[in-house]
Amino acid sequence: MTGLIVAAPASGAGKTTVTLALLRLLSREGIAVRGAKSGPDYIDPRFHEAACGAPCLNLDAWAMPPNRLRSLAAGDGLLIVEGAMGLFDGAPPDGKGAVADLARLLHLPVVLVVDAGRMAGSVAALVAGFTHHDPAVPITGIILNNVGSDRHESMLRRALAPLNLPVLAALHRAPDLSLPSRHLGLVQAAERADLDVFLDRAADALATTLDRAALLTLARPLPVATRQTRLAPPAQVIALARDRAFAFCYPHILDDWRAQGAEVKVFSPLADDPVPRADFIYLPGGYPELHAARLAQNSCFKASLRKAAQQTQIYGECGGYMTLGEGLIDADGVRHEMLGLLPLETSFATRKLHLGYRDLTPLRGPFTAPFKAHEFHYATTLRADGPALFSAKDAEGMALPDMGLSLGRVSGSFAHIIDPAG
């Protein structure tokens with residue numbers, strides 16, 4: 001039960017590729033290793049799982065209390081936590097939720113991934129600044145990425161030598177190790193037919209340069225949690241939509257529900273599955289906008305959900321919320337008929353980014369306690385008529401317009417619930 005954090009000065013330095021290469025390489029060599037992701041990210045954890053075969057959870061230092069983080073981090077083998085954004089980048093006003101918060105709370109060392117593609121001697125000033133910025137966030141090793149040549153690598157290593165920090169690896173520039181993205185992040189792991197080939201290629205590239213012994217020596221014991229905070233299940237039997245259109249569901253929430261005796265039944269709207277008999281139906285977020293035409297034609301799914309709405313609580317988050325509406329306009333401007341269970345019209349024809357942490361207080365609907373949550377989408381709301389589901393505040397405590405809709409037994413919003421508040 002040891003761990004370390006892979007972080008970077010900024011987004012785009014190659015943290016995900018380096019983390020995946022580490023997970024695949026170490027697991028391939030028989031080392032018990034597992035991944036975790038800092039912050040509210042649904043996509044990268046599925047890549048972690050594919051790389052090493054172990055479940056990956058989110059560790060969110062803004063939304064989760066310290067003991068929750070310690071409980072989720074606990075487990076066998078080496079835990080490699082992939083950071084988000086830059087090491088000290090968190091929510092306003094004080095940067096809470098940054099990767100640095102996890103380093104402090106879990107007492108874990110940081111391996112800094114530096115994109116060295118456009119620098120030489122300046123790498124030392126950059127690394128020195130990060131190393132001395134906060135003594136409670138120990139940077140104990142460097143991985144250089146996007147190195148241009150052997151000569152470039154030598155220049156970088158000479159510049160870093162006076163800092164007495166181990167350069168654990170130097171990955172040379174490799175365009176074939178880039179990961180394709182779309183508007184909410186990476187193309188999902190389940191959509192990559194060549195994923196294993198990519199993971200092995202990344203591991204092979206790292207294997208030629210990684211100082212394994214030095215890396216493993218850096219890992220530190222994980223702290224022990226004294227208690228576990230869990231999210232109460234909304235019902236005894238829960239039907240969960242899960243496929244490529246509805247993939248954004250936090251594993252820790254499902255684990256919480258099952259640990260408290262709830263049964264989770266999975267179905268696929270894309271496969272036109274009927275909704276299973278349940279006391280609560282959950283449509284999580286994902287990419288319904290990419291599959292809107294197919295969803296609009298899936299009559300079995302739509303009819304069974306409309307029938308279920310007469311007697312069963314239905315809740316949708318982000319993509320699930322849009323699917324519960326009357327219509328969804330895709331990026332090409334084509335309107336697709338959705339379920340019509342909420343008076344809601346949404347559009348991707350004109351995109352606008354909505355991003356940030358949210359404090360939610362239920363106004364009505366299936367929930368009674370407040371939540372910590374996150375909002376991240378590009379959809380535009382054209383019409384939303386009816387009573388709202390939540391009152392909301394941003395990370396700075398500023399009041400936002402009420403969120404979502406709640407009508408009869410059907411409710412939803414663009415916010416993704418992460419954990420109970422308080």
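- Of the candidates V33, L222, L57, L222 is the only one forming a side chain to side chain contact (heavy atoms under 4.5 Å, CB included) with L79.
- Between the side chain of S406 and the backbone N or O of P387, no donor-acceptor pair lies under 3.5 Å.
- The distance from atom CG of L344 to atom CE of M338, rounded to the nearest 0.5 Å, is 11.0 Å.
- Using cut-offs of 30° and 60° for the angle between ring planes, the H374 and Y357 rings count as perpendicular.
- Heavy-atom neighbours of K352 NZ from other residues, nucleotides or ligands within 6.0 Å: at or below the threshold of 12.
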Residues 414-422, side-chain donor-acceptor partners within the protein, below 3.5 Å, at least two apart:
unit_1: H416; atom_1: ND1; unit_2: Y42; atom_2: OH; d: 3.1
unit_1: D419; atom_1: OD1; unit_2: R68; atom_2: NE; d: 3.2
unit_1: D419; atom_1: OD1; unit_2: R68; atom_2: NH2; d: 2.8
unit_1: D419; atom_1: OD2; unit_2: R68; atom_2: NE; d: 3.2

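- Ring orientation note: the planes of H377 and H354 are close to parallel, at an angle under 30° on the 30°/60° scale.
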Run the numbers on R358 and D394 for salt bridge (Lys or Arg N to Asp or Glu O under 4.0 Å), then give the verdict.
CA-CA 5 Å; R358 305 289 182 248; D394 66 14; 5.8 Å; no
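- Closest of all the heavy-atom pairs between V114 and M119 is CG1-SD, 4.5 Å.
- Here the CG-CZ distance, from L295 to F301, works out to 6.5 Å after rounding to the nearest 0.5 Å.
- Atom-to-atom distance recorded for D204:CG and T208:OG1 is 8.5 Å, nearest 0.5 angstrom.
- Between K15 and V6, the shortest heavy-atom distance links the atoms CD-O, 4.0 Å.
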May I have the step-by-step check of side-chain contact (heavy atoms from CB on, under 4.5 Å) for L324 and L305, ending in yes or no?
CA-CA 9 Å; L324 292 172; L305 197 64; 4.1 Å; yes
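- Here H252 pairs with Y250 under the ring pair (Phe, Tyr, Trp, His ring centres under 6.0 Å) rule; sequence neighbours left out.
- Between atom CD1 of residue I5 and atom OG of residue S38 there is a gap of 7.5 Å, rounded to the nearest 0.5 Å.
- For the atom pair L78 CG and L4 CG, the distance stands at 5.5 Å (nearest 0.5 Å).
- Heavy atoms of other residues, nucleotides or ligands lying less than 6.0 angstrom from CG of D76 number 12 at most.
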Could you walk me through whether L26 and L215 pass the side-chain contact (heavy atoms from CB on, under 4.5 Å) check?
CA-CA 11 Å; L26 296 176; L215 175 82; 4.2 Å; yes
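- Between F371 and F390, the ring-plane angle classifies as perpendicular under the 30° and 60° cut-offs.
- Expressed to the nearest 0.5 Å, how far CZ of R24 lies from CG of L22 amounts to 13.0 Å.
- With hydrogens and angles disregarded, a donor-acceptor distance shorter than 3.5 Å links the side chain of R220 to the backbone of L218.
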